[in-house]
Each structure stands twice: as structure tokens, then as C-alpha cells.
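Data block below; observations after.
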Amino acid sequence: MVPSIARLTEFADRLAREVGAEIQRDFATVVPEIKPDGSLVTKADRFADAKLRDAIRAEFPDHGILTEEGNRTLPDTDFCWIVDPIDGTTNFTRSVPVWGVSLGVLYRGTPVFGLVYFPPLGQSFSGSYPGESGLDLPIAATLNGEPIRVCQDAIDGQHFFSVCTRSVDRVVHPMPCKIRMLGASTYNFLTVALGSCLGAIEATPKIWDIAAVWPIVRASGAQWLFLDAAGEPIERFPLRPNRDYTEEKFPALALAKSEFFATFAARLKLASIAGQSIAG
């Protein structure tokens, strides 16, 4: 059975807010551990991951689940939830209020719905983008229930471009606009959907970093370009069932307008940025 957009949104928003309220008690106080890949994890991540998984299984028993802290193999189901219990864990542990609970829904390997809730900011982003899925879903991107769209301005020095820690030293200055780095993959990309930034790049995101924001960004009118190791645009969806996505990275560039690509590509070492997905 195909869930309605109303059911998806109500369930995901309620669940993310409930979990967000509980883990916010640990904000800036929890002691992190270092995982084998060098990223941080906390007891709050594990608690949230388990609670989100249990709630999704109870509400949608025929849907698969892939989570950052649990199963990372894509189930062979039509619908699959991709869960990041805390996107921005380093921010979470260091008193930076840019972190969120991320829930994405894939249909046959391609994201069609996403919701990301940022408890310290009181911001809940959601969106649906049916693409070529054939699902009866609207093209919609919202912040706290209100529609959002990309910025329609031309590039100038008073606008922003968002980078990640692994791309900031690949920027060729002068950039045609100001640089920002926020420390959470989801929020980096959502700034483009919101109209705050003209573009955003992430060098080494995993599928749980992007599954929820991809449909929101696309529905906002932004362009999304996955990059191969040479920095050239490629297709990455649909994902393959029964594949372990633990190590796979998805370097990507989001732009408010497709015509911005040439300008920003000239100031970003895209091959060097995207090449980190292979280098490790």
C-alpha cells in the first residue's frame, strides 16, 4: 500500500519531534566515542536510532529500514526508510545548535520523501518529489509547513555558498560569493532549498546524509548534481537492493540554478573534492 503524503508527513514530523525532544537533553553534555571511520557517535545517536527504527516498523511493517547506526544494507522492498538519528553529531557534542533528526523514504531505490527536524532551531523541513516513480505525490518543499523555494537572484558578493570541511581547502579564491560552513550535511543542502545559499557542496556524504534532503532540494527548484571521481555529473539513483552502503560516498553539488554550474565549477576543484570518495 502506498502511504499518502499526509500520513508520511504527520508520522515523520511527530516522530522526529518526539525523538528530538528526548535527545536534546544530552545536547552539549554527552561524551562522544570515535567510530572506526573517524566520525563521532554518542549514546544519544544509538538511543534515537533504535527508537526511530522501532516506530517505523510498527507504523509501516512492510517497509524496509536502513540506518546509520544499524543495518546499512538496502532491503529489497518497494519502500525503504533511510535514518540518520543525529546529522551533525560533532555539532551536537560541541554546543553548536545545527543538528537534526533525518528521515528519508526511498521508493524502489530513489528518494521520494524526506523530513529533517532541527530541535535547537525549531525547524522542520519536509518535501516530496515523485520524479519518475509514478507515485501520486506532490512536488512540495516546506519549512514548518510553509513553502520554500530557491533564491532567484544572480550571483554576487552578498550571497552565500556552503562548503563542507573536506571541500573548504579546495576552493579557488576569490569566490564570487561568501563562504559558509555549517557542520551538518543536511543543513548545508537545505540552505539552497531555503534560498539562503546559491549553492552547497559535500565531498563525502553517505546515503543517510542525503536521502531525506534530496527530494526536498529537488522540490524547491534547485539542481542536484552527483559527481564522479573526475568531478563530472553522474546519476546515482536508483540504489541497488541487498547492497551494503557502509563505505559508499555520494559527493554532490546543489545549485539554485543550473546556469550557476560553470561559475562555481571554475572556483571549485571538483575532481579533487569528489576524488575523496575513492581516496577514503
Side-chain angles (χ1 to χ4, degrees), residues 8 12 15-16 19-20 23 32-33 35-42 44-57 60 63-75 77 79-93 98-107 109-119 124-127 129 164-166 182-190 200 202-218 224 226 236-252 254 276-277 280:
L8 287 172
L15 179 60
V19 172
I23 61 178
E33 303 169 30
K35 294 191 288 187
D37 65 1
S39 62
L40 299 183
V41 66
T42 70
D45 291 87
R46 296 191 177 102
F47 163 81
D49 194 89
K51 184 154 186 175
L52 293 165
R53 279 188 279 116
D54 290 346
I56 293 167
R57 286 196 183 103
F60 301 100
H63 290 193
I65 305 174
L66 184 156
T67 79
E68 180 179 9
E69 307 306 333
N71 171 54
R72 296 179 176 183
T73 298
L74 187 71
T77 55
F79 288 96
C80 179
W81 290 73
I82 308 292
V83 175
D84 190 346
I86 304 178
D87 180 58
T89 298
T90 303
N91 284 355
F92 180 79
T93 64
V98 184
W99 54 270
V101 179
S102 177
L103 300 169
V105 177
L106 273 60
Y107 178 69
T110 300
V112 293
F113 170 82
L115 184 140
V116 191
Y117 174 57
F118 298 89
S124 181
F125 292 85
S126 67
Y129 188 80
C164 66
T165 55
R166 294 177 180 86
L182 302 170
S185 299
T186 51
Y187 209 82
N188 278 359
F189 286 127
L190 288 169
E202 286 283 334
T204 59
K206 301 291 184 68
I207 187 57
W208 46 83
D209 296 314
I210 61 172
V213 295
W214 189 85
I216 303 173
V217 171
R218 294 297 309 275
W224 185 294
F226 287 114
R236 296 298 300 270
F237 295 131
L239 302 185
R240 291 165 51 188
N242 302 315
R243 180 168 179 165
D244 185 338
Y245 281 92
T246 298
E247 301 299 331
E248 190 155 349
K249 297 164 187 173
F250 292 77
Q276 296 174 80
S277 65

Q | Straight-line distance of L66 CG to W81 CH2, nearest 0.5 Å | A | 14.0 Å
**Q.** Close side-chain approach of D209 and E202, heavy atoms under 4.5 Å
**A.** no
Q. Rounded to the nearest 0.5 Å, how far does CG of N71 lie from CG of D244?
A. 8.0 Å
Q) About how many Å separate CD1 of I210 and CG of D84, when rounded to the nearest 0.5 Å? A) 11.5 Å
Q. Do F60 and V105 have side chains that get closer than 4.5 Å, going by heavy atoms?
A. no
Q.
My understanding is that only residues two or more places apart in sequence, or in another chain, count here; which of them pass side chain to side chain donor-acceptor pair (under 3.5 Å) with S102?
A. none
Q. Between atom CD1 of I65 and atom CZ of F79, what is the distance when rounded to the nearest 0.5 Å?
A. 14.5 Å
Q. Which atoms form the tightest heavy-atom contact between P215 and P111, and what is the distance?
A. CD-CB, 3.7 Å
Q. Hey, is R236 close enough to E248 for a salt bridge, meaning N to O under 4.0 Å?
A. yes
Q | pair Y107-P238: side-chain heavy atoms closer than 4.5 Å | A | no
Q. If every non-hydrogen atom of R243 is compared with every non-hydrogen atom of R240, which pair is closest and at what distance?
A. NH1-NH1, 2.8 Å
Q) How far does CD1 of I207 sit from CG of L106, to the nearest 0.5 angstrom? A) 6.0 Å
Q: Report the C-alpha distance between V101 and L15 in whole Å, list the side-chain angles of each, state the deciding distance to 0.1 Å, and finish with yes or no for side-chain contact (heavy atoms from CB on, under 4.5 Å).
A: CA-CA 9 Å; V101 179; L15 179 60; over 6 Å; no
Q. How close do S124 and Y117 get, heavy atom to heavy atom, and via which atoms?
A. CB-CD1, 3.9 Å
Q.
Donor-acceptor check, side chain of D54 to backbone of K51, threshold 3.5 angstrom: yes or no?
A. no
Q | Worked check of side-chain contact (heavy atoms from CB on, under 4.5 Å) between L239 and F250 | A | CA-CA 11 Å; L239 302 185; F250 292 77; 3.9 Å; yes
**Q.** For the student: nearest non-hydrogen atoms of T93 and P32, plus distance
**A.** CG2-CB, 3.9 Å
Q | Flag, side chain of Y129 to backbone of V217, donor-acceptor distance under 3.5 Å | A | no
(Q) Testing the basics here: between A203 and P251, what is the closest heavy-atom pair and its distance to 0.1 Å? (A) O-CB, 3.2 Å
Q. Please walk me through it: do V116 and L190 pass side-chain contact (heavy atoms from CB on, under 4.5 Å)?
A. CA-CA 9 Å; V116 191; L190 288 169; 4.3 Å; yes
Q | Close side-chain approach of N91 to L182, heavy-atom, < 4.5 Å | A | no
Q) For G88 and A184, which heavy atoms make the closest approach, and how far apart are they? A) CA-CB, 4.1 Å
**Q.** Distance-only side-chain donor-acceptor flag, N188 / S185, under 3.5 Å
**A.** no
Q. What is the distance from atom CG of L115 to atom CD1 of I216, rounded to the nearest 0.5 Å?
A. 6.5 Å
Q) With a 4.5 Å heavy-atom cut-off, do R46 and V41 have their side chains touching? A) yes
Q) Quick one: are F189 and F125 in side-chain contact, heavy atoms under 4.5 Å? A) no
Q) What about F118 and Y187, are their ring centers closer than 6.0 Å? A) yes
Q) Are any of the side-chain heavy atoms of I86 and I23 separated by less than 4.5 Å? A) yes
Q) Is there a side-chain contact between C80 and L74, using heavy atoms and a 4.5 Å cut-off? A) yes
Q.
Under 4.0 Å between a side-chain nitrogen and a carboxylate oxygen: does that hold for E69 and R53?
A. no
